[in-house]
Structure formats: structure tokens, C-alpha cells
> 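Got a structure here, written out as C-alpha cells. Questions coming.
Heads up: numbering here begins at 1 and tracks the sequence. These figures come from a predicted structure and were not determined experimentally. As a basis for the values below, the full set of heavy atoms in this structure was taken, side chains included, without hydrogen atoms, waters or symmetry mates.
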Amino acid sequence: MSFAEVEAWVRANLPPAPARVLEVGAGDGSLARGLRDRGYRVVAIDPKSDSDDVMPVALEALPDIDLFDAAVAVVSLHHVEPLEGSVDRLAAVMAEGAPLLLDEFDAAALDERAAAWWLEQRRARGGDELETPAELVATMRAKVHSIDLLVDVLARHYDVGEAQRGTYLYRWKLDESLRPVEEQLLAAGELPPTGVRIIARRRAR
């Protein structure tokens with residue numbers, strides 16, 4: 001699933017079409033299809049995808065392809081293993097100066113307030129999560145790579161820009177209707193900013 005504001009952020013920060021774009025962790029391919037419709041030449045990869053227009057390959061195993069003008073990773077790098085080898089491969093297929101648009105979930109920012117709010121929304125929608133807020137926080141922090149680790153590994157090949165923090169929870173098995181609610185709670189200091197966006201540029205080889 002592609003969320004409208006995510007796609008808008010991606011489009012705003014990509015070079016002009018028909019740039020060659022690699023999407024890492026493309027899922028069902030909806031974002032890639034939206035970019036193709038706007039003239040981008042997109043290669044979408046995801047080892048777990050069964051979509052006809054997504055290549056079922058892991059980032060580390062990406063075959064040799066002409067260099068990409070940009071790459072997009074929407075809530076995907078935090079799952080990638082092995083991380084260092086995969087980032088090495090990503091850097092190898094990106095042109096000098098090409099932007100990597102990283103949209104991520106910051107598990108370190110997820111606290112019990114945020115976990116309790118998310119669990120409440122999920123259960124209101126029929127979700128069957130049985131964890132307590134504390135258990136959910138512990139599970140997620142153990143499950144995904146931290147933003148600090150991602151930045152450290154990317155910095156080997158990229159000039160990593162400043163992190164922009166904002167909403168994310170409404171996109172995590174919830175829906176677009178909760179975006180303004182999460183924004184209001186975040187602005188009031190009642191929820192932490194669990195979303196992170198970073199633009200990293202491929203340094204010269």
C-alpha cells in the first residue's frame with residue numbers, strides 16, 4: 001500500500017523523470033507503479049513480493065544493472081539482512097550524487113504512550129494484538145535496525161542529511177484517516193515522532 005503523503009514526499013525529492021529509480025522493499029509495487037505512471041523508469045525489488053512488476057530479489061543479490069539516478073526505501077532498510085553488505089550493494093548501483101530517499105520507523109522513539117495509542121486503534125479495528133504497550137516496545141526495538149545504525153552504515157558511502165521527524169503510526173496497519181489525529185497528538189506532545197525521513201547522497205567513488 002502506498003500512502004498519498006509518502007508518495008508526494010518521494011516525488012518532491014526525486015530528480016526529474018525519466019530518471020532511473022530503484023525501489024528497495026517495494027511490497028505490492030504500488031509506489032513503483034505510481035512513479036512509472038509519472039514517467040520514471042523504476043526497478044522495484046522485494047524478496048517477499050509476489051507482484052508481477054516487482055523483482056523477487058534481495059538487495060544484496062541485486063544483479064548488475066546500469067547505475068540508478070535515485071533510490072527509494074520506504075520502511076524497508078530496517079529489515080534488511082545483512083545490512084552492511086546490502087548497503088554496499090546499494091551504493092555500487094547508484095550514480096555519484098544520486099539521492100537515497102529513506103522513509104523509516106524509529107523504534108527507539110516508540111514509547112509506551114505511543115504503543116498504547118497504537119494498540120487501542122488496532123483493537124478498535126479488529127486487531128488481535130495481545131501485547132502490553134511495554135511488550136510491544138521491547139519487541140519492536142529488538143526486531144528492527146535502529147536509525148542510528150542505519151545512519152552509521154549509510155555514512156560509509158553517502159553524505160547523510162539531517163533527519164526530519166514526524167508521523168508514522170497511522171501507516172502501521174491502521175489507515176489514512178488517523179493521520180490528522182496523530183499529527184495533532186504529536187504537536188501537543190502527547191505522542192512522540194516515530195517517523196523519520198532522511199535524504200542521503202551517494203559520494204564520489
> In the single-linkage hydrophobic clustering (I, L, V, M, F, W, Y; side-chain heavy atoms under 4.5 Å), do Ile198 and Val153 co-cluster?
yes
> For Ala108 and Arg141, which heavy atoms make the closest approach, and how far apart are they?
O-NH2, 3.1 Å
> If I compare all heavy atoms of Pro193 with all of Ala109, which pair ends up nearest, and what's the gap?
O-CB, 3.6 Å
> About how many Å separate CG of Leu14 and CZ of Arg11, when rounded to the nearest 0.5 Å?
9.5 Å
> Less than 4.5 Å apart, any side-chain heavy atom of Leu154 and any of Leu102?
yes
> Would you check, one step at a time, whether the test side chain to side chain contact (heavy atoms under 4.5 Å, CB included) holds for Val93 with Ile65?
CA-CA 7 Å; Val93 300; Ile65 302 175; 5.7 Å; no
> For Phe68, what residues pass the ring-ring contact (aromatic ring centres under 6.0 Å, His included) criterion, not counting sequence neighbours?
none
> Mind running salt bridge (charged side-chain N to carboxylate O under 4.0 Å, His left out) on Asp69 and Arg202 for me, showing each step along the way?
CA-CA 10 Å; Asp69 304 309; Arg202 180 68 169 97; over 6 Å; no
> Distance check, rounded to the nearest 0.5 Å: Met140 atom CE versus Glu131 atom CD?
9.0 Å
> Is there a chain of hydrophobic side chains (I, L, V, M, F, W, Y, each step under 4.5 Å between heavy atoms) that links Leu101 to Tyr40?
yes
> Do the non-hydrogen side-chain atoms of His157 and Val87 ever get within less than 4.5 Å of each other?
yes
> Same cluster or not: Val74 versus Leu77, using hydrophobic residues (I, L, V, M, F, W, Y) connected whenever any side-chain heavy atoms lie under 4.5 Å apart?
no
> Would you name the heavy atoms of Val57 and Leu62 that are closest together and state the gap between them?
CG2-N, 4.1 Å
> Would you check, one step at a time, whether the test salt bridge (charged side-chain N to carboxylate O under 4.0 Å, His left out) holds for Asp53 with Arg33?
CA-CA 8 Å; Asp53 52 2; Arg33 286 190 291 274; 3.1 Å; yes
> Just verifying a value: how many Å separate Arg41 CZ and Arg36 CZ, rounded to the nearest 0.5 Å?
12.5 Å
> Do Trp172 and Thr194 touch side chain to side chain, with heavy atoms closer than 4.5 Å?
no
> So does Leu59 get a backbone contact from the side chain of Ser86, meaning a donor-acceptor N/O pair under 3.5 Å?
no
> Are side-chain heavy atoms of Asp103 and Phe3 found at a separation under 4.5 Å?
no
> Which residues satisfy the side-chain contact (heavy atoms from CB on, under 4.5 Å) test with Asp152, sequence neighbours excluded?
none
> Run Arg171 and Glu176 through salt bridge (charged side-chain N to carboxylate O under 4.0 Å, His left out) and show every step you take.
CA-CA 7 Å; Arg171 293 161 48 196; Glu176 188 87 40; over 6 Å; no
> Can you tell if the side chain of Leu149 reaches within under 4.5 Å of the side chain of Ile147, non-hydrogen atoms only?
no
> Give the minimum heavy-atom separation between Asp66 and Arg20, together with the two atoms involved.
O-NH2, 3.4 Å
> Looking at Thr132 and Leu119, what are the two nearest heavy atoms and their distance?
C-CD1, 3.9 Å
> Are Val6 and Val75 in one and the same hydrophobic cluster, where Ile, Leu, Val, Met, Phe, Trp and Tyr link if side-chain heavy atoms are under 4.5 Å apart?
yes
> Is a side-chain donor or acceptor of Gln121 paired with a backbone partner of Trp118 at a separation under 3.5 angstrom?
no
> Quick check on side chain to side chain contact (heavy atoms under 4.5 Å, CB included): which of Asp46, Val43, Leu22 does Met55 satisfy it with?
Val43
> So do Glu7 and Arg38 actually touch side chain to side chain, heavy atoms under 4.5 Å?
yes
> Check whether any side-chain heavy atom of Leu185 lies under 4.5 Å from a side-chain heavy atom of Arg113, and answer yes or no.
no
> List the atom pairs, with distances to 0.1 Å, where a side-chain N or O of residues 163-170 and a protein N or O form a donor-acceptor pair under 3.5 Å, not counting sequence neighbours.
| unit_1 | atom_1 | unit_2 | atom_2 | d |
| --- | --- | --- | --- | --- |
| Arg165 | NH1 | Asp106 | OD2 | 2.7 |
| Tyr170 | OH | Glu5 | OE2 | 2.6 |

> Out of curiosity, Leu178 CG to Gln184 CD, how far, rounded to the nearest 0.5 Å?
11.0 Å
> Pairing donors with acceptors under 3.5 angstrom, does anything connect the side chains of Asp148 and Ser146?
no
> Minimum heavy-atom separation for Pro192 and Leu186, please, with both atom names.
O-CD1, 4.2 Å
> If you measure from the Lys or Arg side-chain nitrogens to the Asp or Glu carboxylate oxygens, is any gap between Asp175 and Arg125 under 4.0 Å?
yes
> Hydrophobic clusters here meaning ILVMFWY residues chained together by side-chain heavy-atom distances under 4.5 Å, can you tell me if Leu90 and Leu150 are in one?
yes
> Hey, is the main chain of Gly27 close enough, under 3.5 Å, to the side chain of Ser49 for a donor-acceptor pair?
yes
> Within the side chain of Glu96, is there an N or O that forms a donor-acceptor pair under 3.5 Å with the backbone of Arg205?
no
> For Tyr158 and Met94, run side chain to side chain contact (heavy atoms under 4.5 Å, CB included): C-alpha distance rounded to whole Å, both residues' side-chain angles, the deciding distance at 0.1 Å, then the answer.
CA-CA 10 Å; Tyr158 296 84; Met94 292 184 68; 3.1 Å; yes
> Find the distance between CG (Leu136) and CD (Glu129) and round it off to the nearest 0.5 Å.
8.0 Å
> Nearest 0.5 angstrom please: Asp159 CG to Leu100 CG, how far?
12.0 Å
> Any heavy-atom pair between the side chains of Arg197 and Glu104 that's under 4.5 Å?
no
> Taking atom CG as the centre, does Asp37 end up with more than 12 heavy-atom neighbours from other residues, nucleotides or ligands that are less than 6.0 angstrom away?
yes
